[in-house]
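So the structure is just underneath, and the comments pick up after that.
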Amino acid sequence: MAEILNRMVPLLRELGVDARWDVIKGGEQFFEVTKKMHNALHGKDEAFTKKDFDVFMETTEKNILDVDTHGDIVFVHDPQPIGLIKKKKENKWIWRCHIDISKPDRRVWKFLKRFVELYDSAVFSSPSFSQRLPIRQFLISPSIDPLSDKNRELPQETIDGVLLKYGITNDKPIILQVSRFDRLKDPLGVIEAYLQVKRYIDCQLILAGGTAADDPEGFKVLEEVKQKAEKDPDIHILLMPQNDIEVNALQRASTVIIQKSLKEGFGLTVSEALWKSKPVVASNVGGIPLQIKHKYSGLLCNSIEGAAFALKQLLNSPDFAEKLGQNGKEHVKNNFLITRHIKEYMLLFLSLYHNEDVVNL
Ligand code: UDP
């Protein structure tokens with residue numbers, strides 16, 4: 001979400017839309033509750049107490065006082081700030097869901113739904129995430145900005161410099177996953193798949209990521225990952241703060257890119273990799289199959305063994321891998337660039353001022 005808004009807000013402003021981006025505040029307890037909600041919406045069995053919902057509401061009430069919501073249109077992202085809708089006046093409000101809520105925990109969804117229903121419209125990234133709602137729902141995919149530091153072309157010296165900085169040589173094929181250290185990104189599963197490949201092909205694995213400020217679980221997951229990687233010098237765990245050029249360079253330096261998420265709202269890292277014409281192995285979950293058509297623009301997998309098999313296939317068949325990468329880039333160019341995204345948001349804004357019949361014509 002931050003990745004997109006960083007690029008989207010300035011572009012909207014250049015187009016004459018007076019867009020501003022605000023962030024709500026929350027304490028440790030709030031983020032523990034919202035992380036639990038996030039996991040439960042992704043189908044994990046989590047226990048909630050009345051206190052959890054009270055903590056959520058207390059922080060919401062504080063933010064209602066602090067956040068300025070006077071614009072013509074207020075665009076609220078994800079569950080954390082959802083309760084700001086209580087502040088709605090005559091203006092239009094949109095709720096943008098970035099997460100995979102195809103099989104949400106019913107209790108949490110029921111709690112959030114009471115807020116969603118107060119919005120004018122909701123936006124989801126994949127048809128499978130839509131829910132029974134009394135408001136209009138739109139399907140709009142996220143996007144990447146090809147001119148951003150994360151995605152623009154880089155000189156070879158920059159790519160080599162980043163590898164050097166992290167002590168990585170490119171004498172063996174590189175498998176890379178860029179992701180927050182979150183269980184839903186399955187970093188342990190990635191290591192497992194890599195170890196299965198390593199029995200047959202000498203290669204190295206880079207797990208690059210950080211932990212999000214609103215994620216209390218991140219450090220624990222990172223510790224488990226470090227422990228599992230300890231004995232293999234060909235596994236590089238790179239703790240990177242938000243450094244777009246470095247992420248870009250690592251993606252460009254890789255032989256194959258993997259995204260072995262267990263759940264995924266969209267998976268921007270997949271589009272980022274495909275934009276760099278890289279062969280990608282990614283889980284068949286959430287928004288990933290929108291980006292990868294199996295055996296055409298990448299390989300989809302459903303298990304650790306499936307991921308290992310696909311990685312081996314790509315490492316053993318460079319021509320096939322190259323073709324997938326080329327097709328992937330073309331697919332991203334046609335569907336997941338920020339220009340398409342802005343056009344769809346503009347149409348969505350317009351639709352808020354027309355009644356349903358007119359829009360459906
Ligand atoms: N990312 C990054 N540094 C990190 C981890 C992730 O820059 O340490 C970027 C990544 O390149 C992508 C975004 O953060 O642009 C993550 O988006 P995605 O949809 O893949 O997953 P999310 O983190 O939103 O679940």
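Counting starts at 1 for both ligands and their atoms, following the listed order.
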If we set the cut-off at 4.0 Å for heavy atoms, which region of Lys185 has an atom near ligand 1: side chain, backbone, both, or neither? side chain
Based purely on interatomic distance, does Leu268 place a nitrogen or oxygen under 3.5 Å from a nitrogen or oxygen of ligand 1? yes
Report the part of Met1 (side chain from C-beta onward, or backbone N, CA, C, O) that has a heavy atom under 4.0 Å from ligand 1; answer both or neither where that applies. neither
Under the side-chain hydrogen bond (donor to acceptor under 3.5 Å, both in side chains) test, residues paired with Asn284 that sit two or more places apart: none
What about His98 and Phe124, are their ring centers closer than 6.0 Å? no
Quick one: which ligand 1 atoms are inside 4.0 Å of a heavy atom on Glu272? 10 (C), 11 (O), 12 (C), 15 (O)
Just to be sure I'm reading this right: ignoring hydrogens, which of Ser179, Pro142, Ser125 gets closest to atom 5 (C) of ligand 1? Compare them by their nearest heavy atoms. Ser179
Is Lys150 touching ligand 1 with its side chain, its backbone, both, or neither, if touching means heavy atoms under 4.0 Å apart? side chain
Using side-chain contact (heavy atoms from CB on, under 4.5 Å) as the criterion, point out the one residue from Leu205, Thr255, Ile257, Thr169 that pairs with Ile174. Thr255
Looking only at distances, please establish whether an N/O atom of ligand 1 is found under 3.5 Å from an N/O atom of Asp244. no
Show which residues join Leu5 in its hydrophobic cluster (side-chain heavy-atom contacts under 4.5 Å, direct or indirect), or state none. Met1, Val9, Trp21, Val23
With side chains defined as the heavy atoms from C-beta onward, is the minimum distance between Leu337 and Val332 less than 4.5 Å? yes
Just going by heavy-atom distances, which of Ser271, Gly265, Gly210 is nearest to atom 8 (O) of ligand 1? Gly210
Within the 6.0 Å centroid threshold, strictly below: Tyr345 and Phe75: yes
Short list, please: which atoms of ligand 1 are under 4.0 Å from a heavy atom of Gly267? 19 (O), 20 (O)
Option passing side-chain hydrogen bond (donor to acceptor under 3.5 Å, both in side chains) with Asp182 (candidates Lys35, Lys263, His38): Lys35
